[in-house]
Amino acid sequence: MPTILLWLDEAETYRRAAEAAGLASRCTLVAVPRAGTPDAALLEQADAVLAWGAPAGLLDRMPKLRWVQALTAGVEMWLGRPDVTDRFALCCARGTHRVAMPENILGALFHITKPYTHAALAQREHKWVRKVGQPLAGKTLGIIGLGAIGAEVAKKAAALELRVIGTKRRAEPVAHVDKVVPPERTAEILAESDFVLLLLPATPSTENSADAAFLAQMKPGAWLLNFGRGALVVDADLIAAVNRKQIAGAVLDVFRQEPLPPEHPFWATENIQVLPHIGGMHPTRDAIVAELFVENLGRFLDGRPLAAKVDLAAGY
Ligand code: GLV
């Protein structure tokens, strides 16, 4: 019977989901806490692992490994390592951010355009200060990296009467998106967008893509939202563009180093809103990821192709 290592703290949720799907009797599920390390015997024996990450080299000690199920949509922590090869399938958590991410991104758009923070601060002083919010309707949202999350954002943003445009590697039509262009035409999206939303994965070809030249192509007064990965943005270039009011500001949920170090200038830059990587958090996130885990566990046990498999060359 295959051994599946559940290397995370919430293993019970995944075990129960496997039981409910009638799959637990077809494999041995072994739980190890996230902060622990599986012992040598378990590493030798495991056919698959569900984990947030693994120290470099550890997977080389798993000779039977055929499937790694990551818990995140972005998998840069697994990539570019000699122990991650196509001898096993690496699957990401693509599709599990259907609700929380789009809602948090819409939250960022409302934060930018509506005066709630202002009202909350004025309330502390018992002050009645009326400030007019800006409408979202009629504005353009440009999504750089229209994947599974971008498609959901587009659906919800379109319902708010935003015009949605964006880039996608395979530039095929996406529902609720007015214009989809390949990455080579990103400048066109930047020039038209009031809000530019970065949803790209961190790969060698996307790293540092939001640099001074990219920011200079944005509409004056536009906002940058980064819910992809911190490595997409050249921090100093963004701070310079915001300080000289070339763009209005930024809402950042992801950073090169997390937690963001207290001395980082993002904290103190006016019109840069720092969010502590909350985009994908959800009270029942594990139950949602468990649906994908169970789907893939069934496929794995039947020898069928796995879902959300990462293309190691593309990086997502
Ligand atoms: C969260 O950042 C994820 O990639 O799922």
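Ligands are counted one by one from 1 in listed order, and the atoms in each one are counted from 1 as well. The basis for the numbers below is simple: all heavy atoms, side chains too, and nothing from hydrogens, waters or symmetry mates. What you are looking at is a predicted structure, and each value in this text was computed from that prediction instead of being measured.
Taking any N or O of Thr72, backbone or side chain, none lies under 3.5 Å from an N or O belonging to ligand 1.
When each atom of ligand 1 is checked for a heavy atom of His97 under 4.0 Å away, the hits are 1 (C), 3 (C), 5 (O). With ligand atoms numbered from 1 in the order given, ligand 1 contributes 3 (C), 4 (O), 5 (O) to contacts under 4.0 Å with heavy atoms of Ala73. Listed by number with element, the atoms of ligand 1 under 4.0 Å from a non-hydrogen atom of Arg229 are 1 (C), 2 (O), 3 (C), 4 (O).
Under the side-chain hydrogen bond (donor to acceptor under 3.5 Å, both in side chains) criterion, His264 pairs with Asp235, sequence neighbours left out.
Surrounding CZ of Arg304 are more than 12 heavy atoms belonging to other residues, nucleotides or ligands, all under 6.0 Å away.
Ring centroids of Phe300 and Trp67 are separated by less than 6.0 Å, placing the two rings close together.
The aromatic rings of Phe293 and Tyr14 stand perpendicular to each other, their planes meeting at an angle above 60°, with 30° marking the opposite boundary.
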